[in-house]
**Student:** 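Structure provided below as C-alpha cells; questions to follow.
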Amino acid sequence: MSDTVTLTIDGQKVTAPADATILEAAKLVGINIPTLCYHPLLRPEGSCRVCVCKVTKARSFIPACIAKVSEGMEVFTNDPEVLESRKNIVELLLANHPKDCLACSRSGNCELQRVANNLGIRRVRYEYNRPEMEKDESNPCIVRDPAKCILCGRCVRMCAEVQGVSIYSFAYRGLNARVTPAFNLGLGEVSCTFCGQCRKVCPTGAITMKSDIGRAWQALRDPEKIVMVQTAPSVRVAISEPFGGKPGDIATGQMVSALRRLGFDRVFDTNWSADLTIMEEGHELVDRVKNGGVLPMITSCSPGWINFIELYYPDLLPHLSTAKSPQSMFGAMLKTYYAQKQGIDPSKIVSVSVMPCTAKKFEAERRELSASGFADTDIVLTTTELAQMIKEANISFFALPEDDFDPLMGVGSGAGNIFGATGGVMEAAMRTAYKVITGEDMEPVELEAVRGMEGIREAEVDFRGALKLKVAVAHGLANARKVCDMIREGNPRGWNFIEIMACPGGCVNGGGQPINLDADTPRLRIEALYRNDRNLPVRRSHDNPEIQALYRDFLGAPNSHKAHELLHTRYYEQYRSCRSK
Amino acid sequence: MLELKRLTSVDELNKLQEEARPLLGLRHYNRAANQEKYQILICGGTGCTSSGSMNIRDALQAAIDNNDLHDRVNIVVTGCHGFCELGPLVIFYPGGIFYVRVQPEDAEELIKTTVLEGKTVERLHYQGRTGKTPRHSYRDMLFYNLQKRLVLRNCGRIDPENIFEYIANGGYQGIAKALGMGREATLEEVYNSGLRGRGGAGFPTGLKWKFMAAETAEPKYMLCNADEGDPGAFMDRSVLEGDPNAVIEGMLIGAWATGATEGYVYVRAEYPLAIKRLGIALAEAEALGLIGDNILGSDFSFHLKIKQGAGAFVCGEETALMRSIEGKRGMPRVRPPFPAKRGLWEKPTVLNNVETFANVARIITDGAEAFRQDGTEKSPGTKIFAVTGKVRNTGLVEIPMGVSMRHIIFDICAGIKNENKFKAVQIGGPSGACLPASMLDNPVDYDSLTAAGAMMGSGGLVVVDEDTCMVDLARFFLTFTQAESCGKCTPCREGSKRMLEILERICGGEGRDGDIEELERLAHTMRTSSLCALGQTAPNPVLSTLRFFRSEYEAHIHDKKCPAGVCTKLLQYRIDPEKCKGCTLCARNCPVGAITGKVREPHLINPNKCIKCGTCMDKCKHGAISRV
C-alpha cells in the first residue's frame, strides 16, 4: 500500500498521508473544516457532526475529523447541502445554549461562538428547551456549568483517556443526555484530581476555573497588607497568548512589570524555590539511595499528581519525596526568611502565586502546608486569571517595559526554569545530584534522555561509576497510573527516581494555562523553557547565589532540622464520596 | 433413556437423534380412528402465557389426572405458534386439533371429548373469517396454509426446553455437516445462499462473515443481536422462546466459518422467558459438548454467553451493542472501522440478529440452492413478520420474500378489523415508513421496500385503519426515538426533539404555516448527518407520512382539523338539537359536567369544559352527538 493517497477536496487536488483524516488533508490545501468535538490531543469521536462533509458515493454525510482519506475520494466541505446541514446543526446547538455570551468567561475564546459566527448564523428559530441544570461549584478548583455543555465529550475523553481518571461520563438519553460525574455527584464529591485538563479542552464556558481574581484585588487594595507574588516558570512562556502573542513567546520582563503595575509590593520568581526544591529533594534522594530509604522516590511538585496518588495509590505514599512543592516552599520562606530579613510582620504578608495550574488552588488550602504558623500560600492565580487582571487594569501588555524580579528570592537558575516541562524536574535534580555525589558538574548540563513528549521515558545516569541511577519520567495521569502499577508489581524496571507530572507535557500545559487549540502549543512552550535555560547565567540549582545565601543565613544545610520543619510535608490518603480503584 | 452426555463425534449425535425421535412420534396429522395416545401442545409463548396458558396446562393436567389418563396423554409446552390473536392455543396430536382462546374451565371438556370420545369441541375451534366454519386442524387454516414456515418450523412444534426434541427434528445436523465440509466450504455455502441480515439493513450475511474470516487478530467474536426493540415487533423473541437451539446452532456454524471462538447473545432483559429458555438450551448444549471445546470431537471450540441488555433501544445498533457488552454506556461509534475489523474489545466481530442465525442451519443441511428456492433473486429465503394493529388475525407470519403486502395483510391475516378501511402499514418500526394502500401490491423484499422509501427493518408490521391519524402516528414514533436517542450526536439529540415539538404543536392545533417545511429541513439534516442509523432513520415515519398523507398535515395546520378524529385538541363534540330528545343521559355521564339542558329539551356542550373524552357520543341512544 502506498504511503500517500490523492483525493480532491472542494475541487482541490490533495496528496495526503494514507492514514490522514479528511480534516487533516483539507488543512494541507488551506481548507479549515469547522469542528467542535474534535481536539488535536484527543482521539476523535465524530459526535458533534459539525465537520460533516459530502463524499461522493457515501450514503450519508461523513465526519471529516474521523473519516480517513482514500485514493480518488471526492469530498465537498462547503456545497449548499452540506452547509445547510452544518448550519442547522449549529443552530440546534445554539438554541439550547444559554444566551449570556457577553458575561461568559469564554467570550471571544469560545469555539461554539466562533463556529456559529463563521457560519453566519444570524437567527435561532427554536426556544431553549433543555431541563434546568444547576452550576456545580463543589470543586475547589473547577466550576461546571452544565447548561453550557454542548456534549462534545472532550472532557470525558480527556479525563478517561489522557488522565486515566474517568470522572466524567455521559448519562441519560435524548435531550436529557448530559455529561456528569458518577451518580450526579458534584465535581467536588468525586475523586477528581483538580488537574483542570477538562477545562483546557472544553470548547465553551461549561468548565471554567474557580476565580480568585476578586480576592487578589481585595488584597492588593488593602493598605494593611503587603502583597507578594511569585510566578511559576510556565507562566512567562504563556502569559502573552491572551494578548495575541504566540505560544512559547518569553515575556518574563513584561510579566514582572505588569505585576508591579497591578500593585504587587514584591515580585518574585518561583524558579528560585524550584532551585530550593532541587536542593532538598536532591539531597533526600541521595540520602535514600545511600541509607536504604524507600525507593523509587517520586517527585512531589505537581499537586494534581499528589491528589491522584492520595486518592488512588495511598499505599505508595512513602515513595513520595517529602519536599514541598516550589509554591509552598516559596510561601514558607516568604513568611519566615524574607520577613525576618526585611523586618516585616509575617501576618501582614499576603502570599500570592501565579501558577499554570488549577490544582495549586487546592494545594494552597492544605492545612499541613503552614508550618511557619501561617499558610504558605494565600491566593493562587492562574496564568489565565493574571491575564484577565492585566486586561481589567487597562494595561497594554506588549507596551510594558521589561522589569526584573525583586532580590533575595528573585534569582532562579536554568534548572529551576525547566521545572515547567515534563522531564524538567528530573533533569534539574540530576544536575545537582551529580554535584552532590561526584563533587563535579554534570557535563553536558543537558540530560537529553529525559526530554521529549513520550508518555513514559527512562534513562540511566552514571555518576562516574560511584553510582548509577535508573530514572523515569511520566506525564499525564494515565501514564502515572502505569508507573504506579509497575511499582506495585515490585518495580520490575528497577527505577530509583521518578518524576511525575499530572498534566500532559508538564506544567506548561497545566489546567490554568491559556486555552489554545494548536496541538503544538505544549511543545512550543517547552522549547521556550529550554531556550530560557540556555540563556541564563546560572543553570544549576546549587549554583544559585540566592539559594546559597538562604542556606548560609537561614536554613543551615539541605535537609537540616529547620529545612525539614519548613520545607517538607506529609501526605494523607484522601477519601471522597465516590472512589474508583 | 436420553442422557445429557458429552457427544464426541457426529456418529454419536446421529445415534442420539435416532434415540430421541420417538419424542416427536405423535406429532403428525394422521389421526387413527381409535387413537390411544395423545400429546397436548400448549403454547408457551409470551402472548399465550400472558393470557394464562400455564393455568390451562395445570387444568388440563388435573383433567388428565381425574380421568386417569397418564399413560395415554401427556402435555408439552412449546414456543409461539404465531396465531397470537386467538391465544391461548392448545393443540392435540396426532391430528393437529387446534383449539383457540382456551380457558381453564374448558379443560375437562377438552380431555373428555377429544381423548375419550374421539370428537372435537367445536366451539373452541377457530371459526374462520366468516365466524361460521370451524377449522379443526392446523391444516385447515388459511393463516397457516398461506405461510411458508421454515425458520419457524420448530416453533410451536417442539418443547424449547428440551434439546432432545430439537435434535430429534434434525437439530445440530447443520453444524455436524459444516464440520465435515470444512470452514471455507461452509462460508461459501452461506455466501452463495444470498442470505441477508434479517435485523434491518439487509447486509449479505456471507459477505459479512467473509470480512471477518479474512481477519487475523484473535480472538474473534460471533454475536447475536436479540435486542429487538421496535414497538410491535416480536419475531426474535418468538424464535428464542420457541426454538433457542436453532439460534445457537446458527451461531456455531457462523463461528466455525469465520474462526470465532467466543460469542454472546445480547438479549434485552425485558424478555425473561426468552432468556430462560436460551439459558436452558445453552446449558444443555454445553452438557452435550455442542458448545465448548472440541465440539463433536473436532478441533473447533466455541464458547457462548448470554448478556442481558438494560433496555436501551440504541443498543440494537451494533457498535452500541458492543460497548454495552463491554460494560460501557451503549453509544454508537463512527464506522469505519467496521466491527468485522474492530468490534467487541477492538477484536474482529460479527453481529447478526436472531432470525438470521435461525436461517443458517437449514442452509447447510439443505444447501444454498434449496434456500434460494424461496424468495426473490436478491432477497432469497423467507421472512418472519409480526403483524399487529388493526388486522383481524394478528400474529407471527413467515412468508417467502417477494409476496405482496396485500397477501400478508388481507390473505393471511384476514384483512382489517371491524370492516374498516385499510389506511396504511407501518413497516420497519420507528425507523421505517408508512406505506399507503397504493403500495399494497408492491413486493415485500429488501430492495422494493427501500425503493418505496421504507425499509424491511426487523419485520414489525403495524396495520392502521381509517381511524388512525397519520400525524399522530408520526408523533408517536418520534416520541419513541427522541426518548431513545443516546444523545451523542447533535442532529439526533436536538433534531428529533425539535421535530417532535413541531408534531406536538400540529396535533395540538397550534400548527403554523411553514411547519411542514421545517420538518423536512430537520429531517434532511438528521438523515444526512446523524452518527448512527437511529438518527438517520428517525425521520422516516414523518417523511413517509408527509409523502403519502400530506393533506392530513395540511388539514391540521391550516384548517385546524384532524380528519381521522384523533387529535383531541382539534375536535369538537356537538349535539344536534333536531335529534336530541333531552333524555339527559349524556349530561349524567359527562365526567366533567360540560353538558347542560332541561329534560326533554335539546342539550348543549360547553366546549370550554369539554375534555373530548367521547363518553356522551357513546352513550347517546339517538345518534344526536357528533364529532367535528
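For the numbers below, each heavy atom of this structure counts, side chains included, while hydrogens, waters and symmetry mates do not. Here is how names work: the chains are called A, B, and so on, in the same order as the sequence lines, proteins then strands, and each is numbered from 1.
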**Student:** Under a 4.0 Å threshold between the charged nitrogen and the carboxylate oxygen, would E484(B) count as salt-bridged to R173(A)?
**Tutor:**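 Salt bridge: yes.
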**Student:** Cation-pi between R178(A) and F170(A): NZ/CZ under 6.0 Å from ring centre and within 45° of the ring axis?
**Tutor:**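 Output no; distance or angle outside limits.
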**Student:** Side chain, backbone, both or neither: which part of I150(A) has a non-hydrogen atom closer than 4.5 Å to chain B?
**Tutor:**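 For I150(A), the contact with chain B is made by the backbone alone.
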**Student:** Salt-bridge test for E161(A) and R43(A): reply yes if a basic N is under 4.0 Å from a carboxylate O, no otherwise.
**Tutor:**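 So E161(A) pairs with R43(A) through a salt bridge.
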**Student:** Between K87(A) and E91(A) (salt bridge meaning N to carboxylate O under 4.0 Å), is one present in this structure?
**Tutor:**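 Salt bridge between K87(A) and E91(A), a charged N being under 4.0 Å from a carboxylate O: no.
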**Student:** So for P44(A), is it side chain, backbone, both, or neither that comes closer than 4.5 Å to the heavy atoms of chain B?
**Tutor:**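 Neither; nothing under 4.5 Å.
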**Student:** So which residue, A483(B), S496(B), P332(B), ends up with the most heavy-atom pairs under 4.5 Å with chain A?
**Tutor:**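 Most heavy-atom pairs under 4.5 Å with chain A: A483(B).
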**Student:** Quick one: which of R130(A), R59(A), E127(A) has the most heavy-atom pairs under 4.5 Å with chain B, could you say?
**Tutor:**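 Sorted descending by pairs with chain B, the first entry is E127(A).
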**Student:** Between T481(B) and chain A, with a heavy-atom cut-off of 4.5 Å, which part of the residue counts as in contact: side chain, backbone, both or neither?
**Tutor:**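 Looking at T481(B), nothing touches chain A.
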**Student:** Which atoms of K497(B) come close to chain A, meaning under 4.5 Å heavy atom to heavy atom: side chain ones, backbone ones, both, or neither?
**Tutor:**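 For K497(B), side-chain heavy atoms alone lie under 4.5 Å from chain A.
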**Student:** May I ask you to decide if C434(B)'s main-chain N or O and S544(B)'s side chain share a donor-acceptor pair within less than 3.5 Å?
**Tutor:**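 Flag set: sc S544(B) to bb C434(B) pair under 3.5 Å.
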**Student:** Can a donor-acceptor pair be found between the side chains of E518(B) and Y126(A) at a distance below 3.5 Å?
**Tutor:**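 Per modelled atom types, E518(B) and Y126(A) side chains form a pair under 3.5 Å.
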**Student:** Taking every heavy-atom pair that is under 4.5 Å apart, which of R527(B), E501(B), R329(B) has the most such pairs with chain A?
**Tutor:**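 Top option by heavy-atom pairs under 4.5 Å: R329(B).
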**Student:** Which atoms of L151(A) come close to chain B, meaning under 4.5 Å heavy atom to heavy atom: side chain ones, backbone ones, both, or neither?
**Tutor:**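 Contact with chain B involves both backbone and side-chain atoms of L151(A).
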**Student:** Report yes or no: does R198(B) contribute a side-chain atom to a donor-acceptor pair with the main-chain N or O of T356(B) at less than 3.5 Å?
**Tutor:**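 Checked: no pair found.
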**Student:** Applying side chain to side chain contact (heavy atoms under 4.5 Å, CB included) to E111(A) and L517(A), what does each step give before you reach the verdict?
**Tutor:** CA-CA 10 Å; E111(A) 289 177 52; L517(A) 257 191; 3.5 Å; yes
**Student:** Is it true that the NZ or CZ of R335(B) lies under 6.0 Å from the centre of F338(B)'s six-membered ring and within 45 degrees of the ring axis?
**Tutor:**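 No - R335(B) does not lie over the ring of F338(B) by the 6.0 Å and 45° rule.
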**Student:** Look at K488(B), Q536(B), R521(B), H524(B) and state which one has the largest set of heavy-atom pairs under 4.5 Å with chain A.
**Tutor:**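 Most pairs with chain A among the choices: R521(B).
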**Student:** Please identify, among N96(A), I66(A), V52(A), the residue contributing the most non-hydrogen atom pairs under 4.5 Å to chain B.
**Tutor:**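 So the answer, after comparing N96(A), I66(A), V52(A), is N96(A).
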**Student:** Among V334(B), L531(B), V314(B), who wins on heavy-atom pairs under 4.5 Å with chain A?
**Tutor:**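 Between V334(B), L531(B), V314(B), the count favours L531(B).
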**Student:** Classify the angle between the aromatic ring planes of F203(B) and F211(B) as parallel (below 30°), tilted (30 to 60°) or perpendicular (above 60°).
**Tutor:**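 Answer is tilted, since the angle falls between 30° and 60°.
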**Student:** Among K54(A), R125(A), K68(A), who wins on heavy-atom pairs under 4.5 Å with chain B?
**Tutor:**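 Max contact count across the listed options: R125(A).
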**Student:** Chain A heavy atoms under 4.5 Å from M331(B): which part of the residue, side chain, backbone, both or neither?
**Tutor:**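 Only the side chain of M331(B) comes within 4.5 Å of chain A.
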**Student:** A95(A) versus chain B, heavy atoms under 4.5 Å apart: side chain, backbone, both or neither?
**Tutor:**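 Both parts, backbone and side chain.
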**Student:** Taking every heavy-atom pair that is under 4.5 Å apart, which of V90(A), N88(A), N176(A) has the most such pairs with chain B?
**Tutor:**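 Counting heavy-atom pairs under 4.5 Å, the top option is N88(A).
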**Student:** Highest number of heavy-atom pairs under 4.5 Å with chain A: which of G495(B), C492(B), C489(B)?
**Tutor:**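 Most heavy-atom pairs under 4.5 Å with chain A: C489(B).
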